[in-house]
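What follows is one structure encoded as structure tokens, with my remarks underneath.
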Amino acid sequence: MPELPEVNSVMMGLNQLVKGKTIRDVLIDWPRIVGAESPIECEEFVAQLKGQTILEIGRRGKYLIFYLSDLFLISHLRMEGKYCYFSSEKLTNYTRNKHTHVRFILTDGSQLDYEDVRKFGRMEIVAKNQLQEFFEQKQLGPEPIVEEFHLQEFAKKLSKIKRPIKTVLLEQKVVAGLGNIYVDEVLFRARIHPSTFANQLSESEINILHLAIMKVIEEAVAAGGSSIRTYRNSLGEAGKFQQNLKVYGRAGQPCELCGVTIKKIKLGQRGTHFCPNCQPIK
DNA sequence: ACAAATGTTCCTGG
DNA sequence: CCCAGGAACATTTG
């Protein structure tokens with residue numbers, strides 16, 4: 001899926017397409033996506049959304065937030081979730097995609113589909129006053145932007161964790177929004193081996209890592225994310241950042257900095273790419 | 001046939 | 001409490 005930059009791109013697309021529109025009905029083809037175990041629970045979900053106007057679409061980490069009139073709808077795309085919009089004109093020869101699981105029928109005759117090949121994505125309704133709680137409960141870390149991502153805090157947390165830095169960054173607790181692609185890219189930029197224990201990082205390495213995280217995410221956001229496999233934003237556009245990837249998906253190819261072959265290992269169940277020369281083991 | 005794929009969460013060990 | 005590893009979720013692709 002979408003990591004922070006891709007989710008951000010989806011958010012911007014949705015704001016263009018459905019901001020201000022009102023939900024007439026919701027059709028659910030795979031109840032688990034909305035956290036429902038039964039048709040009755042689906043009905044309850046739908047009933048809460050009927051008549052709600054989409055005031056704005058926001059984002060926190062990799063979570064999309066639909067700010068509705070009376071409540072919030074939180075949507076996580078996980079690996080392959082997508083939104084696809086159909087104007088009323090386009091709907092005349094609409095055929096439901098095989099992987100469409102939730103359909104939002106809007107009062108202007110248009111429709112917003114949630115598609116997800118692997119059905120890993122999730123949606124949840126949250127009361128307006130429980131948004132803070134929702135993210136606190138997930139222990140979601142700060143956004144990787146200078147206003148919220150404080151170096152001292154970051155350093156303090158890392159000093160207490162005796163695990164590979166890659167798995168720490170994937171957990172979303174120390175900082176939000178990084179996934180497998182951007183963690184590998186960030187560690188390359190910071191010249192840190194992914195297996196380095198967080199509590200083994202020097203002050204200067206933490207400094208560099210802190211900046212690398214914000215820089216990589218900022219650049220990827222500006223590029224509209226990366227299109228790996230099937231990713232498209234809600235306007236159907238691909239991202240452009242994949243051209244800037246230095247290690248992810250480049251195993252066997254020469255490092256752009258030193259020419260040494262990029263290696264791929266398994267770390268925390270995830271494919272992990274790095275340059276053995278630029279990111280030596282300590 | 002098998003492994004791997006942008007993620008999160010839960011469980012079982014030590 | 002900390003950490004590692006694996007499984008589950010479900011499907012497609014090489």
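The figures that follow rest on heavy atoms only: side chains count, while hydrogens, waters and symmetry mates do not. All values derive from a computational prediction rather than experimental measurement. We name chains A, B, ... by the order of the sequence lines, and we start the count at 1 in each one.
For Q172(A) and dT9(B), the CD to P distance is 9 Å, given to the nearest whole Å. We find that CG of L77(A) is positioned 17 Å from P of dT11(C), with the value rounded to whole Å. Rounded to whole Å, atom P of dA4(B) lies 13 Å from atom OH of Y248(A). In this structure, the NE2 atom of H101(A) is 16 Å from the P atom of dC9(C), given to the nearest Å. I265(A) has its CD1 atom 16 Å from the C1' atom of dA4(B), to the nearest Å. dT8(B) atom C1' lies 11 Å from atom CD of Q269(A), rounded to whole Å. When the P atom of dA4(B) is taken as reference, atom CG of L267(A) falls 14 Å away, rounded to whole Å. For R118(A) and dA8(C), the CZ to P distance is 14 Å, given to the nearest whole Å.
Judged by centroid separation below 5.5 Å and plane tilt below 30°, F120(A) stacks onto the base of dC9(C).
Residue M79(A) places its side chain closer to dG7(B) than to any other of dA10(C), dA4(C), dG7(B). When distances run from any side-chain atom of Y63(A) to the nucleotides dT12(C), dT9(B), dA5(B), the shortest one goes to dT9(B). The side chain of K138(A) lies closest to dT9(B) when the candidates are dT9(B), dT12(C), dG7(B). Of all nucleotides listed (dA4(C), dC9(C), dA7(C)), dA4(C) comes nearest to the side chain of P164(A). Here dC9(C) is the nucleotide among dC3(C), dG7(B), dC9(C) with the atom lying nearest to any side-chain atom of R32(A). Picking from dT12(C), dG7(B), dA4(B) the nucleotide with the shortest atom distance to the side chain of K264(A) gives dA4(B). The side chain of K162(A) approaches dC3(C) more closely than any other nucleotide in the set dA5(B), dT12(C), dC3(C).
The side chain of K98(A) contributes an N or O atom lying less than 4.0 Å from OP1 or OP2 of dT12(C). Considering only side-chain N and O atoms, H76(A) lies nowhere under 4.0 angstrom from the phosphate OP1 or OP2 of dG7(B).
Using a 4.0 Å cut-off between charged nitrogen and carboxylate oxygen, R163(A) and E171(A) count as a salt-bridge pair.
For dA4(B), the paired nucleotide is dT12(C), the pair qualifying as Watson-Crick or G-U wobble because both relevant distances are below 3.5 Å.
Nucleic acid contact for K266(A): sugar-phosphate only, since backbone atoms but no base atoms lie under 4.0 Å from a heavy atom of the residue. Nucleic acid contact class of E171(A) (heavy atoms, under 4.0 Å, all strands): none.
Look at the C1' atom in both dA4(C) and dA5(B): the space between them is 22 Å, to the nearest Å. Nucleotides dT8(B) and dT12(C) place their P atoms 22 Å apart, quoted to the nearest Å.
At a cut-off of 3.5 Å, with distance as the only test, a side-chain donor of Y83(A) or S75(A) sits close to an acceptor on the other residue. Between the side chains of S110(A) and S87(A), not a single donor N or O lies within less than 3.5 Å of an accepting N or O. A donor atom on one side chain and an acceptor atom on the other are not found under 3.5 Å apart for H101(A) and D29(A). The closest side-chain donor-acceptor pair between S195(A) and K166(A), if any, does not fall under 3.5 angstrom.
A donor-acceptor pair under 3.5 Å is formed between the side chain of Q242(A) and the backbone N or O of G239(A).
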